[in-house]
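Before any comments, here is the structure.
Please read all numbers here as calculations on a predicted model, not as lab measurements. All ligand and atom numbering here is 1-based and tracks the order in the structure.
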Amino acid sequence: MDYYKELSTAVQNGDPNKVESIISRALKEGYRANDLLDNGLMSGIEVVGEKFGRNEMFIPEVMMSAKCLQCGMDKLKPLFTAGGRKLRGSLVIGTVAGDVHDLGKNLVSMMFTANGFDVVDLGVDVAPERFAEAVEKYKPDFLGLSALLTTTMSQMSKTVAYLRDKNPNRSYKIIVGGAPVTEEFAAEIGADYYADNAIEAVELARSVMEGN
Ligand code: B1M
């Protein structure tokens, strides 16, 4: 039984119940959560993205596929959570203004939580002022900004500039990520770090906290 393919197809078809039942079966048979995420769920949403880009899928269908991905991530979440671990640090995270894509951000949140970080998730479409209020209130070690659209990358830049103007000596580090974001862009806008994916983001945060 190729559970990865089945899972990918269920995401493409927008069938959350099927996603849940395939994951249950696969886990019983010893499949690893990480592999089900990468080879099944993510592979399905990639195909959806390609079809969406070619106008072969439309927003209502894409939203169902997104729901499937979130459902699958929620089902796998307990397996990423290592209970009783020492708290390593804290993160405030959000998707920048004008952007409602939240699955990547949710995945980053999930991985940080699973690795013992305290996470405050501000949600989507977050204005620079709200990020500024949150870092003032929660005093995190890291601020994570996510953007999925080329058109909202400028909001990432505006947010970093706004935070710099508010507090030129900020103590927290800014991590940026999302499909259109690059390492060069991160450096250009004055973010501290770029991470390609959720695991890379948490690994780099951990190594910063450990002083490596
Ligand atoms: Co949108 N969408 N969408 N969409 N959508 C994309 C991004 C697009 C590439 C599709 C395409 O055309 N092929 C395209 C963007 C083109 C561009 O700008 N370059 C696009 C478009 C155009 C749009 C609209 C403008 C469509 C329209 O209205 N005409 C619109 C914009 C709405 C808005 O935000 N204002 C729109 C709407 C939507 C839906 C609402 C239908 C839905 C979002 C639902 C939701 O998020 N709850 C949606 C979806 C699902 C997608 C695709 C298909 C999947 C995105 C996703 O969730 N991927 C996407 C195509 C694609 O990406 N292949 C597409 C899974 C997720 C886990 O990956 O978010 O990339 P991702 O996160 C990755 C990394 O990027 C990284 O880690 C994760 C992996 O571990 N990462 C970080 C992300 N944030 C990070 C932060 C970090 C570190 C790493 O540190 C802080």
Check residues 47-54 and write down every donor-acceptor pair under 3.5 Å in which the side-chain atom is one partner and the other belongs to a residue at least two apart or another chain.
residue : atom : partner : partner atom : Å
Arg54   : NE   : Glu56   : OE2          : 2.9
Arg54   : NH2  : Glu56   : OE1          : 3.2

Original post:
Are Arg32 and Asp35 within salt-bridge range, i.e. N to O under 4.0 Å?
Top reply: yes
Side-chain donor-acceptor pairs of residues 197-205 under 3.5 Å, sequence neighbours excluded:
residue : atom : partner : partner atom : Å
Asn197  : OD1  : Ile199  : N            : 3.1
Asn197  : OD1  : Glu200  : N            : 2.8
Glu200  : OE2  : Asp196  : N            : 3.3

Original post:
Can you name the residues that come within less than 4.0 Å of ligand 1, going by heavy atoms only?
Top reply: Met42, Ile45, Glu46, Gly49, Phe52, Gly53, Ile59, Val62, Met63, Ala66, Leu69, Gly98, Asp99, Val100, His101, Asp102, Leu103, Gly104, Leu107, Val108, Gly144, Leu145, Ser146, Leu148, Leu149, Thr150, Ile175, Val176, Gly177, Gly178, Ala179, Ala195, Asp196, Asn197, Ala198
Subject >> For Phe112, the option from Val119, Asp121, Asp118, Leu107 that meets side-chain contact (heavy atoms from CB on, under 4.5 Å) >> reply: Val119
Subject >> Pair Arg170 + Asp192, salt bridge at N-O below 4.0 Å >> reply: yes
Can you give the donor-acceptor pairs under 3.5 Å from side chains of residues 178-187 to other protein atoms, not counting sequence neighbours?
residue : atom : partner : partner atom : Å
Thr182  : OG1  : Phe185  : N            : 3.0

